[in-house]
Amino acid sequence: MVTVLDQATPSERIQKLRKRLLSSPIEVDIERAHYYTKVWREMEDSTPCMRKVRALEETLCNMTIKIEDDEIIVGVRTARSLATVMPVERHPINIADEGNSRRSRRLARAGTAFTKEEHRELEEDILPYWRDRTARSLKHKLWRQEGLYDEEYSSLIPYEIGIILDTQGHVIPGFRRVLKLGFKGITEWAERQLHNLKAEDEDYEHRRDFLKSVPIVAKAVCDYSNRYAKLAEDMAKKAEGKRKTELLEVAKRCKHVPAEPARNFIEALQSLWLTQVALCISYGLGDVFSTGRIDQYLHPYYMADLEAGIITPEEAYEAIEEYHLKLATTPLPANYTITLGGLDKDGEDATNEISYMFLNAVGKLGAFRNNVSVRVSPKTPHDFLVKAWETHRIGAGVAFFNDEIIVRDLLEDGYALEDARDYSIVGCVEPTSTGKDFSYTAGNAVMLTRVLELAINGGCLLSNDNRLIGAPTPPAGALKTFEDIIKAFEEQLCFCIDKCTLASELKDRVYAEHYPSPLLSSTIEGCLESGKDITRGGAIYNNGHMGMQALATVVNSLLAIRWAVYEHRLLTLAELLQHVRNNFEGAATLRQQLMRKAPKYGNDDRNADEIADWIVEIFCREVRKYECGRGGVYRPLILSSGFQIYEGALCGATPDGRLAGEAVTDGISPAHGTELNGLTAVLQSAANAGKALVSDGTTLTLNLSPGLLRTGESVDKLASLIRGYFQLGGRHVQFTPVSTDTLKDAQSHPEKHPDLVVKVSGYSALFVDLPSVLQNDIIARTEFSQV
Amino acid sequence: MADTVYTEKTDLTGMVFNIQRHSIEDGPGIRTTIFLKGCPMRCPWCHNPEGIESQPQLVWYQFRCIGARGCLGACPKNALTLTADGMLINRELCDICGLCVDACPAAAFELVGKRMTAQDVAQAALRDRPFYEASGGGVTISGGEPALQAVFSRTIMELLQNEGVHIALDTCGGMSWRVLQPLVSLSNLVLYDLKTMDEDEHYRYTGMPLRSVLDNARKIARTGKPMWVRTPIIPGYTDDEEKIRNIARFILQDLPTVERYDLLAFNNTCINKYRRLDSEFPLVEEDLVSEERMKALVKVASEVGLDFVHWSGMTSRKTE
């Protein structure tokens with residue numbers, strides 16, 4: 001379709017933009033905190049929506065803005081290139097952490113801290129003000145009131161058994177509405193609704209507050225865009241030649257969008273990007289506004305421009321490359337996930353020229369921190385799948401999603417067929433409707449390793465046998481059969497889900513009462529219509545979610561217990577738990593047996609996998625019992641997105657031989673090094689584990705051996721691998737090309753990677769088994785550039 | 001008829017050394033390759049030395065050993081000695097009882113070669129059927145040499161054929177037609193190894209005469225069965241333009257059913273496999289072939305008139 005572009009190397013302009021992105025330090029910006037605090041303080045007696053939009057207005061009208069050389073699409077979240085923007089209203093900020101956080105150190109070439117003045121302002125003025133006002137502190141207050149607090153140990157129960165983040169985000173904004181109506185159209189709509197609102201209407205005060213706030217915030221976004229127009233005009237005065245023309249065009253575009261409907265392709269991109277930026281400023285950092293079906297939004301504009309002869313495919317593609325780089329200007333991974341391909345509302349394939357162009361951009365520039373979600377249906381063109389695979393030659397980033405299963409799941413969750421077919425992926429793997437939804441899809445989870453601990457230790461954590469945290473199930477000594485453990489596990493899982501959904505509901509109440517979101521709401525279908533903010537159930541779809549992770553860690557632990565205690569009777573459960581408590585100190589032999597002799601999930605071994613199937617089934621059954629306060633259902637999710645490190649750090653050793661502090665497993669992926677039967681076996685195990693209605697998504701992350709992408713024929717076979725997995729009912733899968741770092745680590749620590757298989761052109765070899773000269777050779781072949 | 005055959009023989013057992021899933025270089029699509037133990041040839045470049053002997057063999061993985069020493073006491077024949085350089089297995093004394101395998105907590109021992117029923121092998125091979133269907137793949141019977149366990153191979157193939165699965169037979173051709181013919185007729189595709197067209201060389205390299213290999217190839221072609229011919233490109237042995245040209249000519253003139261000719265670059269990932277069997281890879285000093293060389297050989301074969309020549313395998317980076 002766009003073969004002409006296949007050979008194109010990025011233009012000099014794009015290469016400069018890319019280089020700048022790669023060399024920018026990750027900084028911290030306090031401007032937003034400054035303006036928000038100022039307004040919040042001035043408006044203590046105001047209504048929540050009004051206060052929120054005034055704070056945003058103050059920020060948008062006063063924050064530093066900039067236009068970089070070579071930019072054609074403009075808009076920055078902060079004037080510092082890759083800065084984290086502190087969401088001061090959400091949780092306490094630790095200055096030392098922010099200024100020199102692990103995240104900054106890891107991601108940044110040189111994380112620049114604040115200036116002395118900024119430091120003083122934060123420490124003396126901003127942070128003290130927020131201490132008791134953050135969403136977190138209000139959330140904790142409600143938890144205490146509702147019995148989620150243990151007085152004796154001064155501990156909040158949800159944190160003992162789950163992960164309930166302070167954020168309430170993860171949503172696809174209503175970009176189509178902005179493109180179609182512009183913020184002026186949105187303003188008019190809100191004013192009309194306000195005009196029609198009557199004092200006797202239900203929920204009058206809240207609705208009035210919301211509808212009055214929308215025109216203010218919509219105007220603030222238009223003013224913000226006009227500031228860019230003005231800046232571009234000023235810069236044009238000093239510029240010459242081509243750049244002068246470009247800047248004048250930038251000014252023209254920024255005056256028109258996102259205030260008015262977009263009239264052409266480039267305007268549409270500018271409108272999308274500035275809206276995205278304004279939304280991110282409204283939330284600070286930490287919430288996720290995924291872009292959604294960008295190929296579907298943009299395609300009509302592209303076709304119209306082609307027809308009218310005002311754009312060439314090359315020009316459109318270059319703009320997409322710039323937009324793709326823009327999406328990488330967030331330090332938060334998976335923030336701006338884009339969705340490509342898949343079915344249209346009528347169930348026909350909707351893959352279009354723009355879908356290919358985006359994949360091309362990913363393949364040429366790298367995915368950076370952007371997730372690229374590729375929707376796959378039986379109608380997806382083969383060459384599109386092949387193109388998606390080819391991007392893996394330069395690194396990970398593309399994930400594959402199964403339309404058939406996801407549409408089925410969404411129908412179960414109450415979505416209309418056409419909205420289900422029009423789903424977008426939010427964040428990592430979570431499907432929702434596109435712009436009609438406030439089913440914020442991630443941020444709440446139970447810790448499955450804790451469920452296990454409680455189940456095998458009478459409702460207590462292994463670190464304290466005297467403190468009952470979970471349900472009062474029998475102590476280890478009384479668990480006579482494996483079935484007893486299974487029974488206790490189910491009871492503890494139900495207990496943890498119950499507490500965590502309550503904790504999530506209480507968090508949602510904090511947002512509804514204190515932190516509504518009029519700007520985002522004004523774009524989402526249903527809110528203007530009903531006069532309700534998204535936090536009060538204004539959107540058309542309003543589901544909750546509850547996640548879990550560590551599936552393989554826990555399944556393998558249960559299998560290890562069954563194998564060692566009940567089948568081979570090597571020791572009693574109490575004895576095994578003692579070794580687990582001691583982090584297997586002095587029990588190396590036992591640990592090896594548990595790791596290498598007990599069966600493992602992920603090998604298409606039904607006897608082992610049925611435990612995974614069972615846990616997922618119980619989890620889904622329980623989670624789906626709960627109703628979300630905003631009106632929908634709780635949707636189950638098996639994700640990780642980095643929290644496998646967090647849960648692992650909290651968790652002591654586990655009976656599968658995992659040592660204390662080591663990461664737990666990700667999503668429904670097998671534990672590293674335990675998958676001994678090849679990729680297809682892993683896919684079979686995962687497809688079975690995901691059979692239940694895990695409608696908020698499952699993650700399966702697998703290593704891609706070097707060599708599997710060598711020829712067109714091998715790429716074809718990878719495309720078939722996806723088709724096969726999806727026919728089995730898999731929802732999502734993504735592949736990480738085995739990195740040079742992993743191979744080097746395996747070379748120096750073979751014991752940590754005993755089963756790392758490298759496929760070098762089809763020959764499977766155990767990497768650690770190869771002579772070092774050959775290992776070096778493979779390392780040299782595997783230089784994937786990962787950003 | 002077919003039904004009777006397989007109900008009678010499903011409890012028949014054979015010696016299998018690997019069932020490799022997600023096999024992508026043993027025929028079309030995604031496949032499962034069944035490796036049967038035992039081979040009549042003795043090619044010095046063999047990269048599956050554990051497939052040569054017909055009997056199970058004990059191997060020990062140094063990098064898995066944690067020094068628990070349970071194996072030493074478990075061995076009823078006292079065949080094991082743990083030294084600073086690793087485990088010495090006295091293969092005269094060892095009777096492959098497998099007690100050390102059970103005793104080792106870290107799975108450092110493995111018995112290569114497992115007796116399995118045809119039914120179990122077929123069932124294992126059918127697990128990945130959805131992937132065969134999605135990719136146009138199937139099952140490949142390989143080895144060693146499947147014809148050395150002809151009845152077993154045939155039973156597995158009958159079971160798979162009844163399930164409608166695409167079957168490829170991977171053979172070296174070094175056996176009588178009487179043995180090979182039933183396997184060929186049960187397969188959908190024959191992967192056929194041709195090393196050289198020189199009779200003396202063939203005997204020197206493989207220990208087997210060339211004549212039956214060529215005769216069998218012609219006979220397979222005469223049955224109309226599709227074939228993929230494969231030649232390993234081994235420095236000092238087969239890495240020679242004239243030799244490749246001769247094979248290509250033979251294919252062109254005598255094997256009309258060949259759909260594809262694969263040149264497989266020399267692979268030395270098997271060095272430690274040999275050591276674990278207490279032998280040494282005869283070509284341990286050999287370098288990999290360069291990509292340019294492989295491409296040049298593909299060109300040689302193509303110029304003879306074949307339009308389906310491919311190459312694959314590891315190549316040296318030296319000249320890249």
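Naming convention: chains lettered A, B, ... in sequence-line order (proteins, then strands); numbering from 1 in each chain. Worth knowing before you read on, the calculation uses all heavy atoms, side chains too, and leaves out hydrogens, waters and symmetry mates.
- Of all the listed residues (M595(A), Q592(A), Q727(A), R591(A)), the one sharing the greatest number of non-hydrogen pairs under 4.5 Å with chain B is Q592(A).
- Side-chain contact between M87(B) and L80(B): present, with at least one pair of heavy atoms (C-beta onward) separated by less than 4.5 Å.
- You'll find the side chain of F735(A) reaches within 4.5 Å of the side chain of H392(A), heavy atoms only.
- Salt bridge absent: E25(B) and R31(B) never bring a charged side-chain N and a carboxylate O closer than 4.0 Å.
- Only the side chain of L728(A) comes within contact range of chain B, with at least one heavy atom under 4.5 Å from a heavy atom of that chain.
- Neither the backbone nor the side chain of D26(B) has a heavy atom closer than 4.5 Å to any heavy atom of chain A.
- The pair K379(A)-D403(A) does not count as a salt bridge, with every side-chain nitrogen at least 4.0 angstrom from each carboxylate oxygen.
- Heavy atoms of N48(B) lying under 4.5 Å from chain A are absent altogether.
- With R230(B) contributing its side chain and L264(B) its backbone, the two residues share no donor-acceptor pair below 3.5 Å.
- With chain A as the partner, the residue from W311(B), Y61(B), Y132(B) showing the most heavy-atom pairs under 4.5 Å is W311(B).
- The residue among N677(A), T589(A), D604(A) with the most heavy atom pairs within less than 4.5 Å of chain B is D604(A).
- Under a 4.0 Å N-O distance rule, the pair K691(A)/D613(A) does not qualify as a salt bridge.
- When I30(B), I271(B), D128(B) are compared by the number of non-hydrogen pairs under 4.5 Å with chain A, D128(B) comes out ahead.
- Interface remark: V284(B) contributes no atoms to any contact with chain A (heavy atom separation under 4.5 Å).
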